[in-house]
Amino acid sequence: MRPDWDQYFLEIAHVVKTRSTCIRRQVGAVIVKDRRIIATGYNGAASGAPHCEQVGCLREKLGIRSGERHELCVAIHAEQNAIVQAAKYGTSIEGATLYCTHQPCAICAKMLVNAGIKRIVFNGTYPDQFAEKILKEGNIEICEI
């Protein structure tokens with residue numbers, strides 16, 4: 001059966017997440033505008049930094065639950081990496097749709113609002129109700145499939 005556009009791009013986000021080096025949760029993101037992929041991202045350490053799969057996870061060692069104390073993580077979220085990739089190559093993402101394997105966190109939600117994303121399609125929950133509030137207040141359409 002042929003997938004609809006949302007299913008198609010979300011499946012690509014699931015392929016993108018396979019590049020993740022996070023040992024707790026692999027996340028992939030794809031930014032799409034006019035049915036064209038603008039940028040992709042997955043969660044992992046900053047360029048040139050050692051990956052968590054090599055040095056371990058500080059948050060895991062400290063017993064920090066998912067969705068808390070993001071500042072202690074060396075990884076950059078998939079959504080952030082996709083936004084940065086678009087910026088690095090001078091591609092506007094205003095009015096675009098983000099396809100993500102998980103619901104964005106509050107930090108990513110703020111970035112997505114300010115970047116002009118108009119719609120988010122995801123299929124994995126994330127424990128961050130504040131993010132939902134930010135996205136709704138930012139007039140971003142949220143579609144969980």
Side-chain angles (χ1 to χ4, degrees), residues 1-54 57-60 64-145:
M1 184 171 165
R2 186 176 187 208
D4 66 25
W5 287 110
D6 285 345
Q7 294 167 332
Y8 173 74
F9 289 119
L10 193 56
E11 186 63 30
I12 292 171
H14 280 280
V15 172
V16 170
K17 83 176 183 181
T18 65
R19 292 283 306 151
S20 171
T21 58
C22 179
I23 59 177
R24 292 180 83 173
R25 179 186 312 234
Q26 289 72 44
V27 180
V30 177
I31 299 175
V32 174
K33 192 172 186 180
D34 299 324
R35 295 187 181 160
R36 301 290 179 257
I37 295 173
I38 301 300
T40 64
Y42 53 86
N43 57 328
S47 296
H51 296 290
C52 299
E53 60 189 13
Q54 298 167 317
C57 175
L58 176 60
R59 294 175 71 230
E60 188 79 19
I64 297 170
R65 294 187 313 204
S66 181
E68 296 178 4
R69 305 289 313 269
H70 297 278
E71 74 277 7
L72 295 177
C73 182
V74 299
I76 299 168
H77 287 188
E79 303 93 325
Q80 295 168 355
N81 267 327
I83 292 168
V84 168
Q85 184 185 68
K88 183 175 180 177
Y89 294 104
T91 305
S92 172
I93 59 174
E94 187 168 1
T97 297
L98 172 82
Y99 292 88
C100 196
T101 58
H102 293 77
Q103 173 192 323
C105 71
I107 295 168
C108 290
K110 290 183 259 186
M111 292 178 71
L112 293 164
V113 168
N114 280 3
I117 294 291
K118 292 298 174 198
R119 184 168 179 258
I120 297 173
V121 178
F122 70 95
N123 68 353
T125 60
Y126 189 75
D128 196 335
Q129 293 178 336
F130 186 53
E132 293 176 42
K133 182 180 186 295
I134 291 167
L135 295 171
K136 287 178 184 172
E137 288 175 352
N139 294 315
I140 293 180
E141 178 186 348
I142 304 165
C143 302
E144 183 176 6
I145 61 172

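Numbers for residues simply follow the sequence, beginning at 1.
- Side chain to side chain, Tyr99 and Asp6 meet the donor-acceptor criterion of an N or O pair below 3.5 Å.
- Atom CE of residue Met111 and atom CD1 of residue Ile134 lie 12.5 Å apart, to the nearest 0.5 angstrom.
- In this structure a side-chain-to-backbone donor-acceptor pair under 3.5 Å is missing from Lys33 to Gly95.
- Scanning all heavy atoms of the two residues, the minimum distance from His51 to Thr21 falls at ND1-OG1, 3.1 Å.
- In this structure, Glu144 places its CD atom where more than 12 heavy-atom neighbours from other residues, nucleotides or ligands lie under 6.0 Å away.
- The backbone N or O of Asp128 lies less than 3.5 Å from a partner atom in the side chain of Gln103, making a donor-acceptor pair.
- Of all heavy-atom pairs between Val15 and Thr18, the closest is O-OG1, 2.6 Å.
- Judged by distance alone, with hydrogens and angles left aside, the side-chain atoms of Thr101 form a donor-acceptor pair with the main-chain N or O of Gly28 at under 3.5 Å.
- Within the 4.5 Å cutoff, side-chain heavy atoms of Val27 are placed close to those of Cys100.
- In this structure, the side chain of Glu132 does not engage the main chain of Gln129 through any donor-acceptor pair within 3.5 Å.
- Contact detail for Ile140 and Ile117: the closest heavy-atom pair is CG1-O, 3.3 Å.
- You'll find the side chain of Leu112 reaches within 4.5 Å of the side chain of Leu98, heavy atoms only.
- Closest non-hydrogen pair, Ala82 versus Ala39, comes out as O-CB, 3.4 Å.
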Requested in this report: Applying side-chain contact (heavy atoms from CB on, under 4.5 Å), run through Gln85 and Ile31 and close with a yes or a no.
Outcome: CA-CA 10 Å; Gln85 184 185 68; Ile31 299 175; over 6 Å; no
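- The nearest pair of heavy atoms linking Ala109 to Ala131 is CB-O, 4.0 Å.
- Between the CD1 atom of Ile83 and the NE2 atom of His77 there is a distance of 12.0 Å, given to the nearest 0.5 Å.
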Report task. Report the C-alpha distance between Ile142 and Lys136 in whole Å, list the side-chain angles of each, state the deciding distance to 0.1 Å, and finish with yes or no for side-chain contact (heavy atoms from CB on, under 4.5 Å). Result -> CA-CA 8 Å; Ile142 304 165; Lys136 287 178 184 172; 4.3 Å; yes
Query raised in the report: Is there a side-chain contact (heavy atoms from CB on, under 4.5 Å) between Ile145 and Leu10 once you walk through the steps?
Result: CA-CA 9 Å; Ile145 61 172; Leu10 193 56; 3.5 Å; yes
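- One finds the CD1 atom of Ile37 at 4.0 Å from the CD1 atom of Ile12 (value rounded to the nearest 0.5 Å).
- Relative orientation of the Phe9 and Trp5 rings is parallel, given thresholds of 30° and 60° on the angle between their planes.
- The backbone N or O of Asn43 lies less than 3.5 Å from a partner atom in the side chain of Ser20, making a donor-acceptor pair.
- Surrounding CZ of Arg25 are more than 12 heavy atoms belonging to other residues, nucleotides or ligands, all under 6.0 Å away.
- Environment of CG in Asp4: crowded, with over 12 heavy atoms of neighbouring residues, nucleotides or ligands closer than 6.0 Å.
- Closest approach of Ile38 to Ala86, counting heavy atoms only: CG2-CB, 4.5 Å.
- Summarising the geometry, atom OG1 belonging to Thr40 is positioned 10.0 Å from atom CZ belonging to Arg19; distances are rounded to the nearest 0.5 Å.
- Under the 4.5 Å side-chain criterion, counting only non-hydrogen atoms from C-beta, Glu137 is not in contact with Val113.
- Atoms CD and NE2, from Gln26 and His102 in turn, are 8.5 Å apart once rounded to the nearest 0.5 Å.
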